[in-house]
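What follows is a single structure, written as structure tokens, with notes after it.
Just so it is clear, the model here is predicted, and its values are computed rather than measured. So you know, we letter chains A, B, ... as the sequences are listed, proteins then strands, and number each from 1.
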Protein chains: 2
Amino acid sequence: MKVATWNVNSIRIRTGHVIDWLSQNRVDVLCIQETKVVDTEFPRALFEELGYHLYTSGQKSYNGVAIASCQPLKDVSCSFYDVLSNLDPEWDEQKRIITGSIDNVRIVNLYVPNGSSIGSEKYNYKLRWLTVLREYLKSLLVTSPSICMCGDFNIALEDRDIHEGAIAVNQIMASVPERQALRDVLSLGFSDVFRKFTSESGQYSWWDYRAAAFRRNLGWRIDHHYLTPDLYERAKSCSIDVTPRKLTQPSDHAPVVVEF
Amino acid sequence: MKVATWNVNSIRIRTGHVIDWLSQNRVDVLCIQETKVVDTEFPRALFEELGYHLYTSGQKSYNGVAIASCQPLKDVSCSFYDVLSNLDPEWDEQKRIITGSIDNVRIVNLYVPNGSSIGSEKYNYKLRWLTVLREYLKSLLVTSPSICMCGDFNIALEDRDIHEGAIAVNQIMASVPERQALRDVLSLGFSDVFRKFTSESGQYSWWDYRAAAFRRNLGWRIDHHYLTPDLYERAKSCSIDVTPRKLTQPSDHAPVVVEF
DNA sequence: GAGCTAGTAG
DNA sequence: CTACTAGCTC
């Protein structure tokens with residue numbers, strides 16, 4: 001099974017790129033982030049014409065996630081509250097999670113908050129959001145032991161996930177508390193499958209639009225697949241497809257594909 | 001001599017269209033309206049590479065006029081006040097006029113206020129602006145008897161200048177006071193040279209972006225060349241070039257070319 | 001409908 | 001730099 005993750009930075013602007021990519025790369029599941037549209041505005045028909053079932057959880061302007069899947073998904077949910085009934089439902093206001101099952105694998109598609117800048121209100125929200133995610137996954141694992149959690153984590157776990165120029169600068173997406181919050185999540189039993197196959201630096205999934213960052217490969221690897229041990233063992237490959245980032249009007253992120 | 005007028009609705013957006021059109025239609029003079037940029041932002045170099053001298057009078061966001069001319073212009077002015085020294089200089093704040101001489105012809109390039117809606121403050125401004133223009137031309141004629149006044153007048157002088165559906169509706173660009181104010185200007189000795197060659201309706205220079213107005217030819221002829229009698233007599237043709245309006249991301253106006 | 005400003009977000 | 005909002009203009 002091939003599962004891809006791609007922050008498209010507006011599905012409205014990127015419909016063409018995404019449909020073209022899906023036609024050329026017929027993955028079983030595509031997890032999309034930053035759709036930036038309410039569900040009624042999502043260009044469903046084009047995905048369905050390609051034979052994909054589509055599940056969306058969007059809002060106006062910001063965030064928004066979706067899953068396109070060749071097979072229909074079971075038990076689709078867009079809510080932390082569905083699993084954590086004691087949770088303040090405010091945690092579901094921002095549309096950052098969508099999940100569903102295919103065979104015995106639970107796909108969890110995430111758009112982790114960016115956090116703006118270290119110490120800001122948004123930064124604290126990001127850290128608290130990650131603790132909510134941890135509780136959520138802890139409960140989920142009880143009934144769903146095989147999980148493929150992927151998406152835009154807005155965190156580079158290690159220095160090798162960042163281009164040289166940004167290492168050692170204590171900045172957003174690389175601060176110690178963010179990395180620790182993500183490691184606390186992963187300690188439930190998840191592993192970064194990209195690192196099963198590639199140990200060197202230099203491969204990234206996001207490049208700032210500014211300063212010609214892509215041309216100079218000044219990127220970050222912040223889009224990940226975290227797998228439970230069974231899936232991690234089965235995994236055959238995990239790679240970043242840089243080609244769509246080279247098109248005109250690209251997303252700032254590239255798709256990442258895992259096969260297990 | 002060929003003199004064209006074209007409201008480009010943002011020179012930034014339309015640079016490609018305008019440069020392409022000028023390459024194919026090497027008019028002696030191109031009068032441009034609604035450039036919407038300050039002079040330092042105007043893409044001068046591209047015009048100069050085509051061999052044109054460029055004269056601009058722009059402001060941020062709104063209005064803005066320019067002249068591109070194969071020969072250098074003499075006595076360029078962007079100001080009513082230059083001729084009407086008793087005028088309140090506030091009339092020069094909106095960049096709506098640029099003028100210069102070539103041979104013995106004075107080119108006056110105008111962007112007449114739109115007027116928003118009948119009876120509004122902007123409407124009254126439009127009517128008063130036309131009385132200022134009349135005084136301006138009266139003085140100008142003393143030293144410059146040969147004038148080619150062109151631009152976006154935002155007025156359809158006669159019913160045959162408007163598509164069927166809008167005739168008889170007392171609306172902006174066709175109201176009696178606007179037409180009268182323009183006729184008062186023309187009474188100084190100007191004639192609409194387009195009507196020397198074409199008496200029928202059905203040819204327009206502006207189509208609203210909305211409601212597929214261009215496809216249905218629901219247009220208005222509001223971009224004009226008004227000539228003094230000597231030039232009017234010499235005039236050999238006057239035609240509207242609809243082709244640029246068919247391109248993608250077009251201006252809502254088409255260029256109009258007179259030859260005299 | 002398609003320009004523009006400003007501000008926000010990333 | 002490239003998305004988004006809202007309000008403005010034409």
Side-chain angles (χ1 to χ4, degrees), chain A residues 7-15 17 33-38 41 58-64 94 96 111-117 120-123 125-126 152-155 171-173 205-216 218-220 222-223 245 247-253, chain B residues 7-15 17 33-38 41 58-64 94 96 111-117 120-123 125-126 152-155 171-173 206-216 218 220 222-223 245 247-253:
Chain A
N7 178 321
V8 299
N9 188 12
S10 171
I11 190 64
R12 258 192 298 233
I13 302 294
R14 229 70 63 198
T15 304
H17 286 12
Q33 304 88 37
E34 280 209 270
T35 58
K36 298 188 178 181
V37 287
V38 294
E41 304 271 300
Q59 63 180 94
K60 193 160 70 164
S61 310
Y62 303 119
N63 314 314
Q94 298 185 15
R96 295 180 176 279
Y111 176 51
V112 177
N114 169 279
S116 191
S117 60
S120 68
E121 193 156 325
K122 290 189 168 68
Y123 180 79
Y125 181 83
K126 180 180 193 173
D152 176 1
F153 286 80
N154 270 314
I155 294 171
Q171 63 186 303
I172 195 69
M173 300 197 297
S205 65
W206 173 79
W207 302 259
D208 199 308
Y209 283 123
R210 288 162 283 191
F214 181 67
R215 188 181 51 72
R216 303 192 285 159
L218 304 181
W220 295 60
I222 58 178
D223 300 275
R245 180 66 239 236
L247 303 173
T248 50
Q249 261 202 311
S251 168
D252 42 354
H253 295 253
Chain B
N7 178 322
V8 299
N9 188 14
S10 171
I11 190 64
R12 258 192 297 232
I13 302 295
R14 230 69 64 198
T15 305
H17 286 11
Q33 304 89 36
E34 280 209 270
T35 58
K36 299 188 177 181
V37 286
V38 294
E41 304 271 299
Q59 63 182 94
K60 191 158 71 164
S61 311
Y62 302 120
N63 314 314
Q94 298 185 16
R96 296 181 176 278
Y111 176 51
V112 177
N114 167 279
S116 191
S117 60
S120 68
E121 193 156 324
K122 289 189 168 67
Y123 180 79
Y125 180 82
K126 180 180 192 172
D152 175 1
F153 285 80
N154 270 315
I155 294 171
Q171 63 186 300
I172 195 68
M173 301 198 294
W206 173 79
W207 302 260
D208 198 308
Y209 283 122
R210 288 162 284 191
F214 180 68
R215 187 181 51 73
R216 304 192 285 158
L218 303 180
W220 295 60
I222 58 179
D223 300 274
R245 180 65 240 235
L247 303 173
T248 50
Q249 262 202 312
S251 168
D252 43 353
H253 295 252

Query raised in the report: Is the distance from OP1 or OP2 of C:dC4 to the nearest side-chain N or O of B:Gln59 less than 4.0 Å?
Result: no
Query raised in the report: Quick one: is A:Lys60 getting a side-chain N or O under 4.0 Å of the D:dT5 phosphate, OP1 or OP2?
Result: no
Requested in this report: Using atom CD of A:Gln171 as one end and atom C1' of C:dG10 as the other, report the distance to the nearest whole Å.
Outcome: 14 Å
**Report entry** Separation of C:dG10 C1' from A:Asp152 CG (nearest whole Å)
**Finding:** 10 Å
Query raised in the report: In terms of side-chain heavy atoms, does A:Gln33 have a donor or acceptor partner in A:Asp152 at a distance below 3.5 Å?
Result: no
Query raised in the report: Is A:Phe214 touching bases, backbone alone, or none of the nucleic acid, heavy atoms closer than 4.0 Å?
Result: nothing
Query raised in the report: Does D:dC1 have OP1 or OP2 sitting under 4.0 Å from an N or O in the side chain of A:Gln249?
Result: no
Query raised in the report: Over how many whole Å does the gap from A:Glu41 atom CD to D:dT5 atom P extend?
Result: 10 Å
**Report entry** d(CE, B:Met173; P, D:dC10) in whole Å
**Finding:** 11 Å
**Report entry** Nearest listed nucleotide, side chain of B:Arg14, among D:dA3, D:dC10, C:dG3
**Finding:** C:dG3
Query raised in the report: Between B:His253 and A:Ser10, which is nearer to the 5' end of DNA chain D once each is assigned its nearest nucleotide?
Result: A:Ser10
Query raised in the report: Nearest to the side chain of B:Tyr209, which nucleotide is it out of D:dC4, D:dC1, C:dG1?
Result: C:dG1
Query - Minimum-distance nucleotide (side-chain atoms of B:Arg96 versus D:dC10, C:dG10, C:dG3) - result: D:dC10
Query raised in the report: Between C:dC4, D:dC1, C:dA9, which one does the side chain of A:Lys122 approach most closely?
Result: C:dA9
**Report entry** Selected nucleotide, minimal atom distance to B:Arg12 side chain, candidates D:dT9, D:dC4, C:dT5
**Finding:** C:dT5
Query - Any side-chain donor near an acceptor of the partner, B:Asn9 and B:Ser251, under 3.5 Å - result: no
Query raised in the report: Do the side chains of B:Arg12 and B:Val37 get nearer than 4.5 Å, heavy atoms only?
Result: yes
Report task. Give the rounded distance in Å between these two atoms: CD1 of B:Ile11 and P of C:dG3. Result -> 13 Å
Query - Separation of D:dT5 P from A:Asn63 CG (nearest whole Å) - result: 13 Å
Query raised in the report: Does the side chain of A:Asn114 pick up a donor-acceptor pair with the side chain of A:Tyr123 at under 3.5 Å?
Result: no
Report task. Name the orientation class of the two ring planes belonging to B:Phe214 and B:Trp207 (parallel below 30°, tilted from 30 to 60°, perpendicular beyond 60°). Result -> perpendicular
Report summary line: From CD1 of B:Ile13 across to P of C:dT5 the rounded distance in Å is 10 Å
**Report entry** Integer-rounded Å distance: D:dA3 P and A:Trp206 CH2
**Finding:** 15 Å
